[in-house]
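Below is one structure, written out as structure tokens; the observations come after it.
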Amino acid sequence: QDVTTVNVIMPLPRSAHFYPLIVGEALGYFEDEGVEVNLLPSSTTIPYVAFVQNQQADLAMLDPSETFAAVSAGADVKVVYEVMQNAPEGIAVSADSPVANVSELKGTTVGLVSDRDRNTLGIALGTADLTIDDVTTVVVGEAGPTLANAFKTQSVSAIAGAVPDWLALQANGMQIKMITPEEVSQTPANSFVISASRIDELREPIQGFLRAWSKAMHVAEIDPDAVAEMSKAAVPEEWENEEFGRQFLDASIPMNVSSTERAGDLQPEIWSAIQPRMVAVGALQAEVDPATFLDNSFIEFANDWDAETVKADVKAWKDANQ
Amino acid sequence: MTALPRKVEAGTATDVADIVIAGGGVGKTFGGGAVVALEDASFNIPKGSFVSLVGPSGCGKSTLLRLIAGLIERSSGSLTVHGREVSGPHADVGMMFQRATLLDWRTAVENVLLPTEIHRKPTAEDRSRAVELLKMVGLKDFVFSFPSQLSGGMQQRVALARLLQTGADILLLDEPFGALDEFTRERLNLELMRIVAEVGATTLFVTHNIGEAIFLADKVMVMTPRPGRLARMVDVPFARPRRPELQQTPEFNALVAEVRDILGTH
Amino acid sequence: MTALPRKVEAGTATDVADIVIAGGGVGKTFGGGAVVALEDASFNIPKGSFVSLVGPSGCGKSTLLRLIAGLIERSSGSLTVHGREVSGPHADVGMMFQRATLLDWRTAVENVLLPTEIHRKPTAEDRSRAVELLKMVGLKDFVFSFPSQLSGGMQQRVALARLLQTGADILLLDEPFGALDEFTRERLNLELMRIVAEVGATTLFVTHNIGEAIFLADKVMVMTPRPGRLARMVDVPFARPRRPELQQTPEFNALVAEVRDILGTH
Amino acid sequence: MSTVQQTGATDQATFRLFSIATTLLLHLSIFAALIAMWEGVIAAGLVNEFLLPRPSRIAAAIGKLYLFDRTIYWHFAITMYEAVAGFAIGAAVGIALAVSSALNDTFRRYVAPYAIVLNVTPGLALTPIVIAWFGFGWGSKIALAAIISFFPIFVNTLAGLTQSDADRLEMFRSLGASRFQIFWKLRIPDALPVALAGLKIGMTTALIGAVVAEFAQATEGVGVLMQRYSFSLDMAAAIATLLSMSLMGLILFSIMELVDDRVVFWRRDARMAVISRKRAAAFARENPGLQTNNKHNAGGRQ
Amino acid sequence: MVVLTSSTREQDHGTRRGAGSFFHAAAFHPIVRHFAIFAVLIGAWEIGARTGTIDPLVLPAPSAIAEAMWRLFVTQRNIWWHLLVTIGEVLAGFTAGSILGIGLAIVVGLNPMVRKLLKPYVIVLEATPRIAIGPLIIAALGFGWSSKITIVMLVCFFAPFINTLSGMLSVNEGAYELFRSLRANKWQIFTKLMLLDAMPVIMAGLRLAMASALSGALVAEFISASEGMGVLLKRYTASLNMASAFGCLLTLTALGFAIYRTMEAVGNRIVFWRHAPQMDAVSRRRQAQWQRNWGA
Ligand SMILES: Nc1ncnc2c1ncn2[C@@H]1O[C@H](COP(=O)(O)OP(=O)(O)OP(=O)(O)O)[C@@H](O)[C@H]1O
Ligand SMILES: Nc1ncnc2c1ncn2[C@@H]1O[C@H](COP(=O)(O)OP(=O)(O)OP(=O)(O)O)[C@@H](O)[C@H]1O
Ligand SMILES: [Mg+2]
Ligand SMILES: [Mg+2]
């Protein structure tokens, strides 16, 4: 059988954070689709879109602000699958912080995980009739320890970022409280994006990839312990401290499991809803019709599988590996 | 023979074709003209002749040698070697510098072999010649010593051996025996004469020892103090081969006195 | 006076208190004993005397000077300066090296001022003395030139001026005039004698010029070729002050011949 | 090398002018050719413009950044400040350590290994610690710049300080010079050429340190600016910012080259004559009574 | 090596002869002293961590790091492969970078015209942070090995370049004239004179390059990689497992230190003429070799 390599560019190396990849590989789902995943974990100053367009990557995982940036810059790309529908961007404070909502941030110093979280903060402050100029911002960096230190020493009153950013903190026992305003927490998802010009060429392998991904995603709902075992085998580094590994996985699962009925389904209303606020804070030049960049033609195929078989596969795997 | 200015005799009348080095009003200034190192030097050096160059310290002897070797560019005048204008370092000229300039990372014999290496892969013959030359200059026991393990005079002798290894037919020697005792110097004078005669090399020899200058040379070129000029070309009439005893003869001493006089009056 | 081995005369009978430099069986080997540079040298040098050191190239003259200056450690024997064992560089000794060792980044006069700077901030007087010394060695026009702008002999003269600037009362000179013409050399010989007499310095002077050695010295120390040993200490009986004419006298020439003989037979 | 062409003064001036003109011309044509090639490659669609925008766009972006928006100056100044301050600290520490090591064997033996350890530890991996210790502001950028720039300076200075010519060393020792004096008057000048090479390397390294730190975490500086532009996919502006970093490096490096040229004058024939003249004048001023004349200071004679 | 020894003649004179037997007593053997200093440092660090003066999230306790390293190397053994990958990148990149740096310096140093024209570009390249152009290189060369090695190469070519160039340009003038008088061509002047004359400085440049090669490999792996120490480090840092992260870091440091020291030792051998004792040995060796090949 012919195996097609799919080059996927993502921010992190294999991790429980994206457990569907690990599970899919462990259960041979990608193989079944005739697909081999070549993961390109990258953190570059060149946007992923560039690699999609020059064909070095077939599939890129973009966070919402990256997606909007790509779209408004006129990059001809299509969102084909929403990977993390439950990884909202937001504002976090330490659990014992007196700050209870965004309006109390006025006049304080707020940390940004990265410079692009400025938008999140701006939008959040907007809901309390504040602007970004009402607070002092400081970028605290994505690196774990720096962020942890900022939380611990409370050198900033709050931190704007996305859920994955504080996952490790929580897994390490740091208590965090979200103060994201209601209307902001509904943000579009981290999603898989491909080049529009290559849709036909890539349709088959990508469809296979997405189906494997969806099936693997479902495994966590059947048997999280099996997922834990698989991820332990694939990434032992995250399981050196069993406690941490568990917490980390437990926090990752709900982010990965789709909240839509069909796995990875696209939600144009959410992509639309956020846009006026983004335009208001200047993060977006003009509103874009989601139809121009959402392509749900892959979703059908991606969900064309049977939950029972997956269940059987997991059982078979457990029998073989325990 | 062209007429030469400043009283410098052009030596015996030789066929122009036999003139190996010819200078016509050669001048050299440094520092944009501030220091005149050499002024208006005109001379002809015939093939196979041995010319000694004497003159006070700082009069431009080393400068003249470096000009002839093509290491520096003259500021004025014309200078030809083998009939070609000198415009850079050229073949057939071997030079021994006032300072020994040995390479620290090469043993004595490897230093001697350097000129050969520059032109080809040294053969067994080249090597044995290098060792021979070192023996000749009295460094039999120091063939494999590094320069920093040698005394000042020994380093000079290695440099001499290196010069002879070049096999060049024009030899320029800048105070080669300055750091040698009389006996070693005398021995090396004889050896140098022998080799030069053998090869038929044209030699320009800078020294401060007037006796040595006369003993070795066919002609002695005398220079004036700064600004350096050629004062006189003195012919040395003694027949060759010369024996050390020559230096005890009255004729020899008369010539020494004459050259000393020329030097003293300038 | 202690008995000295190997036929070396200890010079005239002087009070032991007046002995400035005393060596007893001094020896130096290099390379873990492979090269014997100096063997069993015993000598006494009285205060204020001028001793010349002659010997073939590589016999250990520079080595002896460096031992006395405390720059290298002897392998055997005892060596005292002013009655104290030499165990490192010490004050009161000024040395002029075989190579000029000027500092490239200092002008001539700044090089001359270096010894002063080592001990104190130079005064206007020091400066004018430095300029005077440069004039004395004939470098009036080159006071502010950098070493690379000077000829070989000029560099040596700067080094001499630097030595004299130290004001040390023991002077060690290693072939100081090797690169100088006879006239400059003669002039500087006289100047050196004058200054040494003025200061009352004790001087050890290495040269290859036997005439120069005798003309300048109270005693001439003659060394044998490798392994270097002291062969003889020859007394020079001529009265001071000495005039250049001395060198034309038969007594002088007889002594030159004697020293040459000693050198030749070893 | 000392064998510079010596022709008449006017000839020389013309020659120099001519050679400057030709070099400039050559430079320009090479540069133009490069740009044209680049433009062509993109025009032909060989390279994606999100990767590398065409030069004309970048030029437009440069115009926009420097003339229209003008926000870049602030960031430029910040990064420059971080790099220079880091370099200053790194150089001070590097030179101090090199000097102490050269003066004291024991010190060298016990400190050098730790200096090496610090250096072979990748600076990038140190960023989180440095940020945790020096805060989110300029401090951590300066610290990282200092940490990674100190080592080339240390290594080269030490290499220079210990390579003095043996003969000269003996001369100093015979003068009874103290270690300290040997140091100031011999080793330092002897070390200058190599030490300056180290400072040149350190200068660019400091800039890199500052930018690396800015990439990891910063609120202002060209590193942030570049990230900001590339996140918003304004690649022309991002590359323009990148070029600003290069420009900054070029400026800093050129300053160091100039310093090198001035300091190590005895290796440059032309400078030597000038210095010789200057010293003569200073000497005459300080010692009014002294009559000296010097050939090499009579430069303007002809 | 230049850096860590003083000149030949100075050593000739044992000025430190009387330095007292106290320091030379067996108990104060250098290794013992080094170890003592090291132990004190580690002890202070451990105490700092235990008492909470040092935040373990910033700098974990030595004991925790030791434990983590035990796990990485012995029980879990997951570090070996990553380490191998990184060593491969470092060595390949370092070799390529040194060749590039020295090669460029040769071209530029031997030809003043090329120097004028090329140098600005070299400096621009150096002054541009690799972390910023790394992605461009990846874009050009893909995500594989070649892009990583290229990044390492670009990171470490500059020190050898600058040092070789400055060594070449400050070559002994007398010797240079000698070569010119022998009509040596530029290549000969370079190989037989400049290269050797500049060797101490070049060696210093190579050591600097070695150190930056490690950083370079890490930068490259941070930008994009799925294996290598950078990936491991990133994984541990991201999961706030700082003890293991430091275990990785220390491994890299130890690796760098070992390579650095090896290079220093090699450098000492190469620049033998600066060391009196080595000179004798080399002299004997060359004599033996000569006699073997060409007779007495
Ligand atoms: N550093 C050294 N290592 C090994 N051998 C050395 C060293 N220095 C000198 N020698 C040896 O010691 C001997 C004496 O050397 P020294 O320099 O004292 O001679 P010298 O009498 O000054 O000769 P010259 O008149 O040629 O200067 C020589 O054979 C030389 O090879
Ligand atoms: N590179 C230079 N820059 C400036 N002046 C120089 C340079 N080289 C030589 N000179 C000057 O040129 C003059 C002649 O120097 P040269 O070396 O030819 O003398 P010389 O006859 O060889 O003397 P010596 O017998 O002392 O070696 C001197 O006055 C010297 O100062
Ligand atoms: Mg000369
Ligand atoms: Mg000597």
Side-chain angles (χ1 to χ4, degrees), chain B residues 62 65-66 68-72 88-111 113-119 122-128 130-131 140-150 159 162-163 165-168 170-172 174, chain E residues 2 7-12 167 171-200 202-203 267-296:
Chain B
S62 302
L65 256 54
R66 286 164 70 212
I68 294 174
L71 293 172
I72 51 176
H90 40 122
D92 311 325
V93 172
M95 177 148 176
M96 176 174 168
F97 294 85
Q98 201 164 355
R99 281 171 56 181
T101 57
L102 302 179
L103 304 182
D104 288 340
W105 48 85
R106 283 171 172 252
T107 59
V109 66
E110 288 164 353
N111 265 294
L113 275 169
L114 180 72
T116 312
E117 276 179 41
I118 298 282
H119 297 115
T123 61
E125 219 166 296
D126 294 325
R127 283 172 207 281
S128 70
V131 175
K140 181 161 71 58
D141 295 346
F142 295 88
V143 172
F144 297 101
S145 296
F146 286 98
S148 66
Q149 301 174 318
L150 299 176
R162 180 175 64 192
L163 171 73
Q165 176 84 8
T166 58
I170 301 176
L171 301 179
L172 309 175
D174 199 349
Chain E
V2 220
S7 80
T8 322
R9 294 233 183 119
E10 207 182 12
Q11 289 184 332
D12 236 349
V171 71
N172 180 302
E173 213 153 298
Y176 183 72
E177 277 211 335
L178 166 75
F179 273 79
R180 292 215 304 136
S181 81
L182 291 173
R183 287 189 321 119
N185 60 35
K186 287 187 165 185
W187 179 247
Q188 288 170 324
I189 293 184
F190 175 72
T191 52
K192 292 185 193 295
L193 174 63
M194 289 178 162
L195 191 65
L196 288 153
D197 208 27
M199 196 48 86
I202 295 176
M203 290 309 298
N268 271 343
R269 303 251 134 189
I270 294 177
V271 194
F272 67 87
W273 61 92
R274 290 274 174 94
H275 310 274
Q278 277 178 31
M279 212 150 53
D280 287 326
V282 174
S283 167
R284 268 194 300 279
R285 208 169 329 121
R286 296 219 178 151
Q287 179 162 14
Q289 191 187 355
W290 181 288
Q291 278 159 356
R292 212 175 326 109
N293 293 343
W294 299 289

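All chains are named by letter (A, B, ...) in the order of the sequence lines, taking the proteins before the strands, and each is independently numbered beginning at 1.
Using a 4.5 Å cut-off between heavy atoms, E/Q287 touches chain B through backbone and side chain atoms alike. Both the backbone and the side chain of B/R106 come within contact range of chain E, with heavy atoms under 4.5 Å apart. The contact between E/D280 and chain B is made by backbone and side chain atoms together, counting heavy-atom distances below 4.5 Å. Of the two parts of B/V143, neither the backbone nor the side chain holds a non-hydrogen atom closer than 4.5 Å to a non-hydrogen atom of chain E. Contacts of E/L193 with chain B are made by both backbone and side-chain atoms, with heavy-atom separations under 4.5 Å. Of the atoms belonging to B/R99, not a single heavy atom falls under 4.5 Å from chain E. Looking at B/T107, both its backbone and its side chain come within 4.5 Å of chain E, counting heavy atoms on both sides.
Inspection of the B/T116 and B/Q165 side chains reveals an N or O donor paired with an N or O acceptor under 3.5 Å. Inspection of the B/D126 and B/T123 side chains reveals an N or O donor paired with an N or O acceptor under 3.5 Å. With no hydrogens or angles considered, no side-chain donor-acceptor pair links B/S128 and B/E125 at under 3.5 Å.
Heavy-atom pairs under 4.5 Å with chain E were tallied for B/E110, B/M96, B/M95; the largest tally goes to B/E110.
Using a 30° and 60° split on the angle between ring planes, E/W273 and B/W105 fall in the tilted class, from 30° to 60°.
Remark: E/F190 CZ to E/W187 CH2 distance equals 6.0 Å, nearest 0.5 Å.
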